[in-house]
Enquirer: 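Dropping a structure here in structure tokens format, bear with me for questions.
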Amino acid sequence: MALSLGRLTVAIGLTFALVSCGASPTASNPAASGSTAAVAKYQEYEGLKGQERRDRLLKDARAEGELSLYTSMTADVADAITKAFTDQTGVKVNLYRAASETVLQRLLQEASANHPGADVVETNDREMGAIGQENLAAPYTGERRDMVGEAGRFDSWTATRYNLFTPSWNTNKVPAGEQPKSWEDLADPKWNGQLAMELSDYDWYLTLYTYWQQHGKSDSEIDRLFADMANGAKVVKGHTVMGELLSAGQFSVAASNYSYLVQRVADKGAPVAYQPFVQPVIARPQGAALMKNAAHPAAALLFVDWLLTEGQQILVDLRLTPSIEPEGLKDPLEGLEVIPVDVDKLLNESKQWSDKYTALLEKSDRIGN
């Protein structure tokens with residue numbers, strides 16, 4: 001069944017077992033669980049729509065003077081987004097950028113100390129789910145949220161973009177027509193020693209595993225397919241590094257890189273490709289949330305509104321996949337089967353799938369950083 005990304009549907013839960021993070025910060029942080037000044041401020045804007053809402057938010061955000069944004073966006077994306085937001089609104093952005101796990105850890109530490117650090121956080125689905133489970137985020141009810149597909153609307157956060165997992169290949173090492181045409185093709189022995197797998201992609205792993213189960217494969221068949229992929233595979237930490245090493249010819253095929261990273265290096269002349277897409281295309285939501293203890297609530301709400309409006313075109317310009325297709329943009333995934341990362345499994349069974357994926361790669365060679 002072919003689905004437009006904006007129309008993806010899936011039943012999604014929002015519970016998350018935080019491992020090694022200590023006691024819940026909500027236990028010692030009344031602001032995280034109760035009503036706050038920021039939440040009350042968000043509610044003041046709920047009845048406003050369209051230009052009236054934008055004008056009011058602009059006025060109030062400029063009076064606040066700044067926005068604190070925590071994100072795991074790559075540096076070039078974060079710089080482009082924050083510059084455009086400041087240029088268009090006049091609101092300065094104080095940016096904290098780190099790996100998604102580090103962003104979450106900082107938020108939890110600040111919540112424990114009752115410190116209002118971030119106004120808005122924008123990061124990966126796993127960490128966004130944890131933020132929601134810890135009750136640190138306030139609901140976003142802007143009218144643009146209704147334009148995001150069901151798979152990108154959560155109780156405490158809203159998808160702003162998607163990362164698309166897809167096989168990619170070095171065109172100097174893989175002649176046209178010989179590239180993988182299905183996920184099963186990655187298990188072909190011809191790729192032994194020439195296939196790379198990313199160290200932490202257990203979200204891709206569990207979603208593909210579940211998809212195969214739903215389409216009639218037995219667990220033993222699925223385990224064999226993944227074992228054949230891992231046999232002789234090179235393990236890489238980080239998708240950016242994976243793209244760089246693929247470009248350099250360190251291996252022939254990358255199992256599950258993000259399409260936008262491959263496209264970026266291809267645009268610079270690297271001998272890499274990912275199209276035609278292997279189906280199903282696996283889409284992982286990245287999203288934004290308003291923080292309950294935000295020191296600058298008007299700026300926070302303005303930023304999320306803006307990111308789901310003008311910001312969507314900037315994401316497109318950066319080769320990212322927006323959660324709302326800008327007007328006039330042809331859906332690049334039209335006619336393809338697209339499935340979202342199974343966030344319910346990701347959050348409820350995180351350790352189980354992480355451990356299983358780690359065991360799968362245990363005997364594979366690690367390269368790069």
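Positions are given from 1 along the sequence. We use all heavy atoms of the structure for the numbers below, so side chains are in, but hydrogens, waters and symmetry mates are not.
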Enquirer: Between Met73 and Arg161, is the side-chain contact (heavy atoms from CB on, under 4.5 Å) condition met? List the steps.
Expert: CA-CA 11 Å; Met73 294 175 183; Arg161 56 193 170 109; 3.6 Å; yes
Enquirer: Evaluate the criterion side-chain contact (heavy atoms from CB on, under 4.5 Å) for residue pair Leu308 and Tyr140; output intermediate values, then yes/no.
Expert: CA-CA 12 Å; Leu308 289 171; Tyr140 170 70; 3.6 Å; yes
Enquirer: Between Lys41 and Glu64, is there a salt bridge with N-O shorter than 4.0 Å?
Expert: no
Enquirer: Does Gln279 reach the main-chain N or O of Glu337 with its side chain, forming a donor-acceptor pair under 3.5 Å?
Expert: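 Yes.
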Enquirer: Please check if the side chain of Glu143 supplies one atom and the backbone of Gly50 the other of a donor-acceptor pair under 3.5 Å.
Expert: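 Yes.
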Enquirer: I'd like to know whether the aromatic ring centres of Phe277 and Tyr274 sit less than 6.0 Å apart in this structure.
Expert: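 Centroid distance Phe277-Tyr274: below 6.0 Å, so yes.
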Enquirer: How close do Ser364 and Ala230 get, heavy atom to heavy atom, and via which atoms?
Expert: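 Scanning both residues completely, I find the closest heavy atoms to be OG-O, 3.0 Å.
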Enquirer: Side chains of Tyr260 and Leu164, heavy atoms from C-beta outward: is any pair under 4.5 Å?
Expert: no
Enquirer: Can you find a heavy atom in the side chain of Thr74 that is under 4.5 Å from one in the side chain of His239?
Expert: no
Enquirer: Using the rule given for side-chain contact (heavy atoms from CB on, under 4.5 Å), can you reason through Leu246 versus Asn257, listing the C-alpha separation, both sets of side-chain angles and the distance that settles it, and then say yes or no?
Expert: CA-CA 10 Å; Leu246 179 67; Asn257 208 349; 5.9 Å; no
Enquirer: Would you call Asp79 and Arg97 a salt bridge, taking side-chain N to carboxylate O under 4.0 Å as the test?
Expert: no
Enquirer: Is it true that a side-chain atom of Asp365 and a backbone atom of Lys234 form a donor plus acceptor pair closer than 3.5 Å?
Expert: no
Enquirer: With a 3.5 Å distance limit and no angle check, can you tell me whether Asp119 reaches the backbone of Ala295 through a side-chain donor-acceptor pair?
Expert: yes
Enquirer: Which residues pass the ring pair (Phe, Tyr, Trp, His ring centres under 6.0 Å) test with Trp306, sequence neighbours left out?
Expert: Phe85
Enquirer: Give a yes-or-no answer on whether the side chains of Thr358 and Tyr202 include a donor-acceptor pair shorter than 3.5 Å.
Expert: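 Result is no, nothing qualifies.
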Enquirer: Going by distance alone, is a donor N or O of one side chain under 3.5 Å from an acceptor N or O of the other, for Ser256 and Asp201?
Expert: yes
Enquirer: Can you find a pair of side-chain heavy atoms, one from Asp267 and one from Arg319, that are under 4.5 Å apart?
Expert: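 Yes. Closest side-chain heavy atoms under 4.5 Å.
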Enquirer: Take Asp228 and Arg224 through the test salt bridge (charged side-chain N to carboxylate O under 4.0 Å, His left out) and record every step on the way to the result.
Expert: CA-CA 6 Å; Asp228 288 344; Arg224 172 48 55 191; 3.3 Å; yes
Enquirer: Would a 4.5 Å heavy-atom cut-off, applied to side chains only, mark Leu195 and Leu186 as touching?
Expert: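 They are in side-chain contact.
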Enquirer: Quick check: does any side chain N or O of Ser72 sit under 3.5 Å from a backbone N or O of Thr123, one acting as donor and the other as acceptor?
Expert: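 The answer is no, because no donor-acceptor pair under 3.5 Å joins these two groups.
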Enquirer: Any heavy-atom pair between the side chains of Met128 and Val121 that's under 4.5 Å?
Expert: yes
Enquirer: Report yes if the side chains of Arg264 and Leu318 come closer than 4.5 Å at any heavy-atom pair, otherwise no.
Expert: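 Answer yes - side chains close enough.
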Enquirer: Report yes if some heavy atom in the side chain of Leu108 is under 4.5 Å from a heavy atom in the side chain of Leu136; otherwise report no.
Expert: yes
Enquirer: State the OG-CD distance between Ser323 and Gln286, to the nearest 0.5 angstrom.
Expert: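 Those atoms lie 11.0 Å apart.
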Enquirer: Could you tell me which non-hydrogen atom of Leu290 sits nearest to which non-hydrogen atom of Pro139, and how far apart they are?
Expert: CD1-O, 3.9 Å
Enquirer: Please report the C-alpha distance between Lys190 and Glu178 in whole Å, then the side-chain angles of each, then the deciding distance to 0.1 Å, and finally whether the salt bridge (charged side-chain N to carboxylate O under 4.0 Å, His left out) criterion is met.
Expert: CA-CA 11 Å; Lys190 75 178 182 180; Glu178 294 186 16; 5.2 Å; no
Enquirer: Rounded at 0.5 Å granularity, tell me how far OG in Ser259 sits from CG in Asn163.
Expert: 7.5 Å
Enquirer: Whether the Asp185 and Ser182 side chains hold a donor-acceptor pair (N or O, under 3.5 Å, no angle test) is what I'd like checked.
Expert: yes
Enquirer: Decide whether Glu198 and Ser200 meet the rule of one side-chain donor and one side-chain acceptor closer than 3.5 Å.
Expert: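 On atom types as modelled, these side chains qualify, holding a pair under 3.5 Å.
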Enquirer: Using every non-hydrogen atom in the two residues, find where Ala38 and Met291 come nearest and quote the distance to one decimal.
Expert: CB-O, 4.3 Å
Enquirer: Quick one: pull up CD1 in Ile324 and CD in Gln313 and give me the separation to the nearest 0.5 Å.
Expert: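 Answer rounded to 0.5 Å: 12.5 Å.
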Enquirer: State, yes or no, whether a side-chain contact exists between Val103 and Thr71 at a heavy-atom distance under 4.5 Å.
Expert: no
Enquirer: To the nearest 0.5 Å, tell me how far Arg106 CZ sits from Thr102 OG1.
Expert: 10.5 Å
Enquirer: Crowded around Asn94 CG? As in, over 12 foreign heavy atoms under 6.0 Å?
Expert: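 Above 12, so yes.
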Enquirer: Restricting to ring pair (Phe, Tyr, Trp, His ring centres under 6.0 Å), what partner residues turn up for Trp353, sequence neighbours left out?
Expert: Tyr205, Tyr209
Enquirer: Keeping Glu310 on the side-chain end and Asp305 on the backbone end, is there a donor-acceptor pair under 3.5 Å?
Expert: no
Enquirer: Ignoring hydrogens, what is the shortest heavy-atom contact between Trp183 and Ala255? Give both atom names and the distance.
Expert: CZ3-O, 3.3 Å
Enquirer: Might you confirm whether atom NZ of Lys181 has over 12 heavy atoms from other residues, nucleotides or ligands at distances under 6.0 Å?
Expert: yes
Enquirer: Walk me through it: do Phe251 and Asn170 pass the test side-chain contact (heavy atoms from CB on, under 4.5 Å)?
Expert: CA-CA 8 Å; Phe251 40 81; Asn170 184 300; over 6 Å; no
Enquirer: Above 12 or not: heavy atoms from other molecules or residues under 6.0 Å from NZ of Lys217?
Expert: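 Above 12, so yes.
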Enquirer: Applying the side chain to side chain contact (heavy atoms under 4.5 Å, CB included) criterion to Phe303, which one of Val91, Ile81, Leu57 satisfies it?
Expert: Ile81
Enquirer: If I take atom CD from residue Glu134 and atom NZ from residue Lys292, how far apart are they, to the nearest 0.5 angstrom?
Expert: 11.0 Å
Enquirer: Check Gly142 against Arg53 and note the closest heavy-atom contact, atom names and distance.
Expert: CA-NH2, 3.7 Å
Enquirer: Report the distance from atom CZ of Arg284 to atom CG of Leu346, rounding to the nearest 0.5 Å.
Expert: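 Reported to 0.5 Å precision, the distance equals 8.5 Å.
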Enquirer: Is the Phe226 ring parallel, tilted or perpendicular to the Trp212 ring (thresholds 30°, 60°)?
Expert: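 It falls in the tilted class, 30° to 60°.
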Enquirer: Indicate the atoms forming the closest heavy-atom contact of Lys173 with Ser252, along with that distance.
Expert: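 Scanning both residues completely, I find the closest heavy atoms to be CE-OG, 3.2 Å.
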